[in-house]
2 protein chains.
Amino acid sequence: MASGRHQGPDDDAGPVRPTSRDVARSAGVSQATVSLVLRDKWHGRVSTGTAEVVRTAARELGYRPNLAARSLRLGRTRTALLVVPALTNEFFARVHTGAARVAAEHDFGMVLYPSPEIAAPAPDPFGSARAALDGVIASSMAVEALATLRADGLPLVMLDSDPGGSEATVNLDIADGMRRVVEHLVGLGHRRLAHVTAAVDSWTFHARARALADALADTPAALVRTERAELTVTGGLEATTRVLSAAPDATALVCDDDMLAAGACKAVRRLGLRVPDDVSVTGFDDLSLATAVEPELTTVRLPAEEIGANGMRALLAVLEERAPDTGVLPVSLVARGSTAPPGPAWRHGGAR
Amino acid sequence: MASGRHQGPDDDAGPVRPTSRDVARSAGVSQATVSLVLRDKWHGRVSTGTAEVVRTAARELGYRPNLAARSLRLGRTRTALLVVPALTNEFFARVHTGAARVAAEHDFGMVLYPSPEIAAPAPDPFGSARAALDGVIASSMAVEALATLRADGLPLVMLDSDPGGSEATVNLDIADGMRRVVEHLVGLGHRRLAHVTAAVDSWTFHARARALADALADTPAALVRTERAELTVTGGLEATTRVLSAAPDATALVCDDDMLAAGACKAVRRLGLRVPDDVSVTGFDDLSLATAVEPELTTVRLPAEEIGANGMRALLAVLEERAPDTGVLPVSLVARGSTAPPGPAWRHGGAR
DNA sequence: CACCGGGGGTTTTACGTATAACGGTCTGTG
DNA sequence: CACAGACCGTTATACGTAAAACCCCCGGTG
């Protein structure tokens with residue numbers, strides 16, 4: 001005997017969950033039959049009548065399969081890990097939303113690791129969760145932390161970055177976005193741009209810097225200054241203050257992110273100048289913040305939910321040994337009030 | 001014979017995970033001993049030397065316990081469900097951060113359900129995840145969706161709301177926050193306030209409305225208008241436009257959320273007025289948005305991470321049959337540029 | 001009439017872990 | 001010297017599911 005149950009004198013009022021065996025007993029069949037019927041694998045092996053009896057019994061008992069037992073049996077957990085820097089960044093919250101939606105559609109679970117602790121890689125950054133995963137979706141981040149996951153043989157899908165060795169990557173057309181920003185500003189007449197870049201060691205920000213340089217190469221405009229900023233509004237404010245003191249002749253500020261752009265606008269005004277009349281400002285990501293500030297930000301809209309959704313789809317494909325769809329997602333420019341032609345002072349070539 | 005493995009000709013290069021039995025073989029002991037040693041339950045039952053041998057073997061093989069098997073054995077999953085409206089709302093992203101941190105500290109997993117689908121309750125809102133949970137933490141939301149969880153006997157901790165019947169609640173001192181807002185505004189000289197409330201059927205917003213009314217009762221000021229707004233910047237803008245056309249004599253707008261407040265500021269300016277010179281505006285939550293807009297928002301700072309953390313702590317307490325700590329978390333007023341004494345036009349009692 | 005095939009199930013086993021129950025081998029003691 | 005405990009383990013079992021292997025009965029066929 002010696003039941004494995006740990007409870008003393010029936011201390012919990014909670015109703016004991018029915019098992020497939022309970023359903024079997026109630027339906028007058030064997031447990032195996034219940035398993036077959038409830039997973040729709042019974043065609044030609046169980047009569048229609050019996051199947052119906054089983055389904056009814058399951059419904060009446062409120063049966064739900066025990067996922068732990070199923071996972072143990074199958075060796076798969078139907079759970080994916082999503083690794084993103086921080087959900088308080090709206091972009092990643094939206095990535096999560098997209099991934100979660102697709103996961104739910106496929107009856108997949110999702111565990112989330114916001115990664116402050118990953119920046120300082122612990123011996124085992126992902127704790128015990130590692131053992132219960134089928135795959136990983138990660139945005140650009142500390143690669144060595146991912147190595148411990150890879151060592152477990154977990155399939156990995158990278159979002160908007162490519163450290164090499166991942167099963168699939170889902171990318172945003174960052175280069176195109178930056179090109180559109182440059183075209184927009186140059187088209188308005190700007191010739192001296194400054195770049196406020198995020199001081200985050202992340203693939204996407206490197207890509208933005210490279211794309212900005214590349215895009216400018218074909219134009220009459222030039223990059224007169226670059227400053228690194230902490231990825232917050234305040235960081236943008238401080239970096240922009242440095243930019244405008246080092247390069248007061250810049251007429252447009254290209255910011256790597258909307259938060260930085262919001263900070264840039266504040267800095268500009270603090271110096272007694274106006275946006276966009278004296279200095280134009282562009283953002284990136286099209287966060288809700290972009291339309292909360294005034295003037296509203298000209299920015300690049302990134303399909304955040306879609307990259308999350310596509311990442312999850314790609315992971316599911318890999319797990320089912322299908323070819324993942326690793327297309328590059330298009331982005332678009334959203335022109336709003338923070339950009340305008342350079343101010344009159346500049347039209348006459350004068351100094352401010 | 002007849003292995004349960006589903007693989008044909010060894011189709012996966014993935015290294016097979018070592019089990020506790022592999023560790024046992026390698027260490028020259030039984031599987032039971034491995035289990036005892038690795039969970040630190042061996043004192044007085046296994047010699048120090050053997051324990052060390054086991055630990056070494058486990059480390060060398062890279063052993064990690066199979067969580068599915070453990071869950072099956074124990075009947076517990078060490079996984080909690082967090083139900084929040086949407087992570088794109090920074091407040092809930094922060095709640096999540098706090099809860100996730102505490103969960104990680106206790107080797108607990110966390111699954112997340114952003115709940116658009118909960119608003120329209122599906123037959124089984126939580127999908128198959130239900131079966132693999134030890135408990136639930138939920139913010140104020142559609143109560144009938146939670147009922148299906150409760151039917152499974154899952155412990156429930158409510159955040160900043162109390163539908164009754166939950167094992168614990170962790171609350172914010174909303175009333176105190178609103179009282180401070182009123183004191184602040186009345187202290188500045190405001191007498192006619194308007195309320196921009198969120199059109200979301202949520203405990204916290206009802207609480208804010210009630211608290212505003214209560215706080216005003218003791219003062220010479222009055223509520224001249226209330227408008228409901230969709231919980232977005234645009235929603236705040238529209239509602240505020242309605243407020244100011246219906247009650248042009250309001251000198252201060254109390255908004256239920258920083259996003260609404262940001263929209264309110266835009267609406268005020270669109271009417272050719274200034275914040276705070278002509279109209280003061282207050283927010284709620286102290287999102288990062290509050291310092292991104294200009295003027296920066298006077299708002300109520302809510303300890304978002306802490307309520308998440310305390311919620312998780314309370315759930316863990318309930319699961320361990322300890323008494324949960326269900327204190328009310330204090331909030332604070334952050335006075336910034338969006339509030340000031342009423343403009344000169346009002347000081348002389350004139351109409352604008 | 002012996003035999004086959006197949007429809008409609010059942011029996012059995014394995015997944016990896018935790019733990020109750022059991023069992024040897026010493027050492028010291030009455 | 002027999003025997004009680006410590007001490008240090010081992011053996012056996014159960015958790016709930018999936019699925020391979022088996023089994024029985026019945027109608028048709030050579």
Shortest non-hydrogen contact from A:L315 toward A:A80: CD2-CB, 3.6 Å

Compare every heavy atom of B:Q31 with every heavy atom of B:A24, then report the nearest pair and how far apart it is. CB-N, 3.6 Å

Consider the side chain of [X], meaning its heavy atoms from C-beta on, and name the nucleotide among [options] that approaches it most closely.
X: A:Q31; options: D:dG16, D:dA12, C:dT12; result: C:dT12
X: A:P65; options: D:dT17, C:dG16, C:dT10; result: D:dT17
X: B:L72; options: D:dA12, C:dG16, D:dA19; result: C:dG16
X: B:Y63; options: C:dT19, C:dT17, D:dT10; result: C:dT17

Among side-chain atoms of [X] and [Y], is any donor-acceptor pair under 3.5 angstrom?
X: B:R39; Y: B:S35; value: yes
X: A:T77; Y: A:D134; value: yes
X: B:S30; Y: B:T33; value: yes

Send over the distance from [X] [atom1] to [N] [atom2], rounded to a whole Å.
X: A:L67; N: D:dC15; atom1: CG; atom2: C1'; answer: 14 Å
X: A:H43; N: C:dG9; atom1: NE2; atom2: C1'; answer: 16 Å
X: A:N66; N: D:dG16; atom1: CG; atom2: C1'; answer: 6 Å
X: A:W42; N: C:dG8; atom1: CH2; atom2: C1'; answer: 12 Å
X: A:R45; N: D:dC24; atom1: CZ; atom2: C1'; answer: 15 Å
X: B:L74; N: C:dA20; atom1: CG; atom2: P; answer: 12 Å
X: A:L38; N: D:dG16; atom1: CG; atom2: P; answer: 16 Å
X: A:D40; N: D:dA18; atom1: CG; atom2: P; answer: 13 Å

Which residue lies more 5' along DNA chain C, comparing B:R70 with A:G28 via nearest heavy atoms: A:G28

Quick one: does [X]'s side chain have a donor or acceptor within less than 3.5 Å of a partner on [Y]'s backbone?
X: B:D325; Y: B:G327; answer: yes
X: A:S71; Y: A:A69; answer: no
X: A:R76; Y: A:R70; answer: no
X: A:D22; Y: A:T19; answer: yes

Got a sec? Which of residues 47-58 of chain B come in under 4.0 Å of DNA chain D, heavy atoms? B:S47, B:T50

If each of B:G44 and B:A69 is mapped to the nucleotide of DNA chain D with the nearest heavy atom, which maps nearer the 5' terminus, i.e. the 5' end? B:G44

May I ask you to verify if any side-chain N or O of B:R39 is less than 4.0 angstrom from the OP1 or OP2 atom of C:dT19? yes

Does the side chain of B:T33 get closer than 4.0 angstrom to OP1 or OP2 of D:dT10 through an N or O atom? yes

Got a sec? Which of residues 18-27 of chain B come in under 4.0 Å of DNA chain C, heavy atoms? B:T19, B:S20, B:R21

Touch class at under 4.0 angstrom, heavy-atom based, for B:V29 against every strand present: sugar-phosphate

Is there side-chain contact between B:T50 and B:V29, with at least one heavy-atom pair below 4.5 Å? yes

